Each structure stands twice: as structure tokens, then as C-alpha cells.
Amino acid sequence: QVQLVESGGGLVQAGGSLRLSCATSGSVFRLSTMGWYRQAPGQQRALVADITNSGSTTYDDSVKGRFAISRDNGKNMVYLQMNSLEPEDTAVYYCRARLFGTTYWGQGTQVTVSS
């Protein structure tokens, strides 16, 4: 099975930066598409960014130019660098792994951006 653990969330002022990390276990990481999703109160969980096993990335329009997703297959880690943070980025951020239609979720890490 796959286990995902997020870290790096916290409180930051608008315009600041945070780097989220997701540590994985299991033997399928290098074949998986990895992603970051977020969910604000009263909202649906939505894609922030994802990255395929070959390094292709996808970003939601709301974070393009501000966030960057990356992965280190040797360390079984995926990262989300978040710059120029805005109050609208406040949410619980979840790490997700997907392999052949099977999806695994981490428990989430809170990101709060103050104005």
C-alpha cells in the first residue's frame, strides 16, 4: 500500500512563501502521478498542481506563475513551492498519488495566509 504524509504548512503573511513536502511509502511512487489538492471551508477539494512520473506538470490557473510542483524519485518525495501567497490560498492542502486509477490521499496540512 501507499502512505502519504504532508508537512510544511503554517501561517504566513500575504506575499510570503511556504514549501510543502509530501513523503511517501510503498513501491509504486516512481510510476505514480503525484498531485497537490486543496480544500477551503465550504468548498470542494480542487486540484492545485500535479506532476507525472516523467515530470510533466499541470497547474490550476489560480496558482500559475506563483506555485511550482516538483518530485524527487530517489527520495520518494513531492514538493509544492508556494510564492506570492494570497489570503485566497488559505486551505488544507492534500498530497495525492494516482496509479492506474487508484488514488491515495494524505491527511492534509493547513496553510493560512493572513492579509
Side-chain angles (χ1 to χ4, degrees):
Q1 64 268 46
V2 176
Q3 185 171 311
L4 311 175
V5 180
E6 303 97 331
S7 63
L11 175 64
V12 65
Q13 292 183 331
S17 297
L18 286 173
R19 183 176 176 86
L20 305 183
S21 299
C22 176
T24 72
S25 62
S27 60
V28 298
F29 173 81
R30 278 173 281 185
L31 299 177
S32 300
T33 294
M34 303 297 301
W36 289 96
Y37 286 68
R38 65 187 179 186
Q39 186 169 19
Q43 303 293 319
Q44 295 289 109
R45 191 173 299 183
L47 174 72
V48 177
D50 67 10
I51 183 167
T52 69
N53 61 344
S54 61
S56 297
T57 59
T58 300
Y59 295 93
D60 183 75
D61 286 343
S62 66
V63 305
K64 284 182 179 178
R66 300 189 297 119
F67 291 9
I69 189 171
S70 61
R71 66 192 293 163
D72 186 333
N73 289 338
K75 293 183 171 66
N76 293 336
M77 298 283 289
V78 61
Y79 306 96
L80 185 68
Q81 179 66 46
M82 304 185 294
N83 299 324
S84 301
L85 283 161
E86 304 167 354
E88 292 76 16
D89 297 317
T90 296
V92 178
Y93 284 69
Y94 297 90
C95 182
R96 181 227 64 208
R98 187 179 73 251
L99 178 64
F100 301 131
T102 301
T103 301
Y104 305 88
W105 294 97
Q107 66 179 5
T109 184
Q110 176 71 47
V111 171
T112 302
V113 184
S114 64
S115 59

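Quick caveat, the model's predicted, so the values are computed rather than measured. One is the number of the first residue; the rest follow in order along the sequence.
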Could you report the tightest heavy-atom contact between [X] and [Y], atom names first, then the distance?
X: Y94; Y: R45; result: CZ-NH2, 3.3 Å
X: Y37; Y: L47; result: CD2-N, 3.3 Å
X: I69; Y: G35; result: CD1-CA, 4.3 Å
X: R19; Y: S70; result: NH2-OG, 4.2 Å
X: Q81; Y: S17; result: NE2-CB, 4.0 Å

Q39 side chain to A91 main-chain N or O, any donor-acceptor pair under 3.5 Å?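 Not at all, since once roles are kept as given, no pair shorter than 3.5 Å links the two residues.
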Answer yes or no: is there a donor N or O on one side and an acceptor on the other, between the side chain of R96 and the main chain of L4, under 3.5 Å?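 Not a single qualifying donor-acceptor pair exists.
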Kindly confirm or rule out a cation-pi arrangement of R66 over Y59, judged by NZ or CZ under 6.0 Å from the six-membered ring centre and within 45° of its axis?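 Not flagged: R66 not positioned over aromatic ring of Y59.
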Heavy-atom side-chain proximity of [X] to [Y] below 4.5 angstrom:
X: T24; Y: Y104; result: no
X: D72; Y: Y79; result: yes
X: V2; Y: L99; result: no

Tell me whether W36 is reachable from V113 by hopping between hydrophobic residues (I, L, V, M, F, W, Y) whose side-chain heavy atoms are closer than 4.5 Å.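 Same cluster.
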